[in-house]
Amino acid sequence: MEVIKVEGGYPLEGEVTVEGAKNSALKLMAATILAPGVTTLTNVPNISDVHVMGKVLKYLGAKVTVKGVHELEIDTSTIDKWETPYHLVAKMRASTAVLGPLLARFGKAIVAMPGGCNIGARKIDMHILGLEALGVSFKVDHGNIHATTPKGLSGTTVTLDFASVGATENLMMASVRAKGVTTIDNAAREPEIVDLANLLNEMGAKVRGAGSPVIEIEGVDELHPTTHRVVGDRIEAGTFIAMAGLCGRPVTVKGFNPRHLGLVLKKYEMMGLTIDRAMDECTVSRTGAIHAVDIQTLPFPGFPTDMQAQTMALLALSDGSCIITENVFENRFMLASELQRMGADIRIEGHHAIVHGVAGFSGAEVKSPDLRGGAALVMAGLVADGTTTVSDIYHIDRGYEGFVEKLSAMGAHVSRVEVPDQDVL
Ligand code: EPZ
């Protein structure tokens, strides 16, 4: 199996440019279903989740052509199926993002119920409730969701119990072809939602208010293909910013909008990092100690749950104690037990992690619990005493393109190594 080996004591320095956002690109790809013809997406990250979404679209009958390293040409005029198979949905929960577009275009869809994942149950009850309000009928059988629209899709007001990113996206994509106006109240406000709304409007949709808690969509009769550049990945950027803050030397992170990480950068400055912001980059460094600061994850513009693991790795080496509260997912503290193997002092109590800063990490064999936890373990290895070996790195490959290459280019001693599969007891 492949692992990532990190030699501690080689701090990052220099600059890195992040790719397009994973959590936008996947939904933009699904949205191409709405506009029969050839849509071109640029700044698409070359990551395994994008490859899986490409397989989903091909399974439906679309043609997906890689035009350049970060450019996809997607022809959805040939789509002749509206069912996504379990083996693809099980691989990547975001495959459920085709539900809204398939309903809008065909009036029906069969999507495998997404299984849970390491970080939580990942239900889609809010997606279903909201779509039912638009006139969708659901039947779940043999693990598949069978959705139909007996009387078509009709606009209405949907108020979400929680500002769910996925539910907001599916409702936006279903309602662009509904009769009348749909209002999504308590909508997610993430920059990736705005990026999707921009694509839909470029396709001829009428979406207003994306980025605010109330999004209004006026249904239209048809949408046309377009060309769109994926917004920069604020979480990939935040990951490198956290790494730079941990190592201390100046690092410039390019290719994203620092305003998309507002609270993260503010908290990091409170923790003792120096952050100089520019239009689409920022430069990070640290000279003094890392200060302990309480963190609680919330939907945007709150502190993003996708930055929780990386921030835990920073706070684990702070000069005090603090509490991290995870409000978005029910099981997203698995990193803690791996960091403890490296010497961290973290106690989990429900959805709180009590973190007591320690002087340093010692290198160890650790396992990626999920995408962001895996990145955080590599991050901890950068400053650990000795060598850290991170396994289950397929999690990392889901969302970080050229992770090892980017770190090596900034001076880290990190490499991907093939090791014999350990005998699993
Ligand atoms: C998206 O997941 C992201 N994934 C996640 O990023 C991110 O952590 C999350 O939004 C929150 O920002 C993609 O965009 C592919 P939610 P999503 O719907 O849409 C519960 C990463 O590391 N919920 O906002 O699934 C749900 O279980 C990944 O890049 C319901 O209960 O997030 C979760 O606890 C991880 N019922 C919470 O709400 C529903 O119908 C937030 O989910 C929908 C969600």
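When a ligand or atom number is given, it counts from 1 through the structure's own listing order.
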Under 3.5 Å, is there a donor on one side chain and an acceptor on the other for Glu330 and His351? no
Applying side-chain contact (heavy atoms from CB on, under 4.5 Å) to Ser212 and not counting sequence neighbours gives Val214
ask   = Would a 4.5 Å heavy-atom cut-off, applied to side chains only, mark Ile348 and Ile354 as touching?
value = no
Sorted by chain and residue number, the residues with a non-hydrogen atom under 4.0 Å of ligand 1 are Lys22, Asn23, Lys27, Arg93, Ala94, Ile119, Arg122, Lys123, Ile124, Asp125, Met126, His127, Phe162, Ser164, Val165, Gly166, Thr305, Asp306, Val328, Phe329, Glu330, Arg332, Leu371, Arg372
According to the interplanar angle, ranging from 0 to 90°, do the rings of Phe303 and Tyr268 count as parallel (below 30°), tilted (30 to 60°) or perpendicular (above 60°)? tilted
Self-check item: Main-chain N/O of Phe403 paired to Glu401 side chain as donor or acceptor, under 3.5 Å
Solution: no
Take Glu15 and Lys254 through the test salt bridge (Lys or Arg N to Asp or Glu O under 4.0 Å) and record every step on the way to the result. CA-CA 7 Å; Glu15 64 177 59; Lys254 301 179 167 206; 3.5 Å; yes
